[in-house]
Amino acid sequence: MASADKVVTADSSSSVQEVLDLMVSKQVGAVVIICTKEDDKEKSIPVGIITKTDILHAYRHRVDLNESCKRIIRENSLVTCKPDDDRDKVASILERNKMHHVIVVRGDHFDGIVSSWDIAVECSKDSRAWPYLRSEDGSINFPRFEESALPPAFNPEEAVSILNHKHDDTFVDFLDVEAFQ
């Protein structure tokens, strides 16, 4: 997830040209459109998102670039999730809505954005960590065995020599030998 302070945003009064310029200058594929409350300038409420695809559709339909960006915000572009939603739930939201971005909100407060790329990166990290689990901070948890928990006939030195033996790229070759010491 990209936090709100790192997300490229534009005010709902911005023109299509301004949003397009933001996308090009910041090298992003989506801009979150926000509406700032008059009484609370710090509180920004997301009203939609404009993606590269939306810009292409606007070009195709010859939308005047000086018009308000509200003209090209799709009606269903405000797909949201909560900050505590897990990766699989967010992936399901993206799949169900056939979108690549979901806006993270806490009540009315804009917290950030999750993209399909973020989901792919997390899945890739999990697959590299297999058969171990990743913790909340992303580190890999290697199982540690207490000698009292091992079978009585288990000899740790023998296990290390077996694991250090060449196995022609079998699964055993990829195990972390130190995890068993």
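Just so we're clear, the structure is a prediction, and the values are computed from it rather than from any experiment.
Clustering ILVMFWY residues whenever any of their side-chain heavy atoms sit less than 4.5 angstrom apart, transitively, puts V63 in a cluster other than the one holding L56. At a threshold of 4.5 Å between side-chain heavy atoms, the hydrophobic network of Ile, Leu, Val, Met, Phe, Trp and Tyr places I50 and V24 in one connected group.
For the atom pair OG of S15 and CG of D21, the computed distance is 7.5 Å after rounding to the nearest 0.5 Å. Put simply, CG on D111 and CZ on R106 are 4.5 Å apart, with the number rounded to the nearest 0.5 Å. Here NZ of K26 is found 14.0 Å from NZ of K6. Values are rounded to the nearest 0.5 Å. To the nearest 0.5 Å, the span separating CG on L20 from OG on S25 amounts to 9.5 Å.
The closest side-chain heavy-atom distance from I73 to D54 is not below 4.5 Å. Within the 4.5 Å cutoff, the side chain of I93 has no heavy atoms near those of the T80 side chain. You'll find the side chain of S115 stays beyond 4.5 Å of the side chain of H100, heavy atoms only. Proximity of I33 to V19: side-chain heavy atoms (C-beta onward) are separated by under 4.5 Å at one or more points. Side-chain contact between C123 and R87: present, with at least one pair of heavy atoms (C-beta onward) separated by less than 4.5 Å.
Across all non-hydrogen atoms, the minimal contact from I72 to A58 is CG2-CB, 3.6 Å. Closest non-hydrogen pair, C81 versus V102, comes out as N-CG2, 3.8 Å. Scanning both residues, P46 and V105, for their nearest heavy atoms gives CG-CG1, 3.7 Å. K52 and M23 get closest at one heavy-atom pair: N-CE, 3.7 Å. Nearest heavy atoms, M99 versus V79: SD-CG2, 3.2 Å. Of all non-hydrogen atoms in I103 and G48, the two that sit nearest each other are CD1-O, 4.0 Å.
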Test log, rule side-chain hydrogen bond (donor to acceptor under 3.5 Å, both in side chains), inputs D11 and S14: CA-CA 5 Å; D11 192 78; S14 301; 5.4 Å; no
Worked check of side chain to side chain contact (heavy atoms under 4.5 Å, CB included) between L22 and V28: CA-CA 8 Å; L22 270 174; V28 295; over 6 Å; no
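The salt bridge (Lys or Arg N to Asp or Glu O under 4.0 Å) check on K89 picks up D85, with sequence neighbours excluded. Applying the salt bridge (Lys or Arg N to Asp or Glu O under 4.0 Å) rule to E95 yields no partners; only residues at least two apart in sequence or on another chain are considered. Looking at residues two or more places apart in sequence or on another chain, you find no salt bridge (Lys or Arg N to Asp or Glu O under 4.0 Å) involving D118.
Dense packing is recorded around CZ of R96, with more than 12 heavy atoms of other residues, nucleotides or ligands lying under 6.0 Å away.
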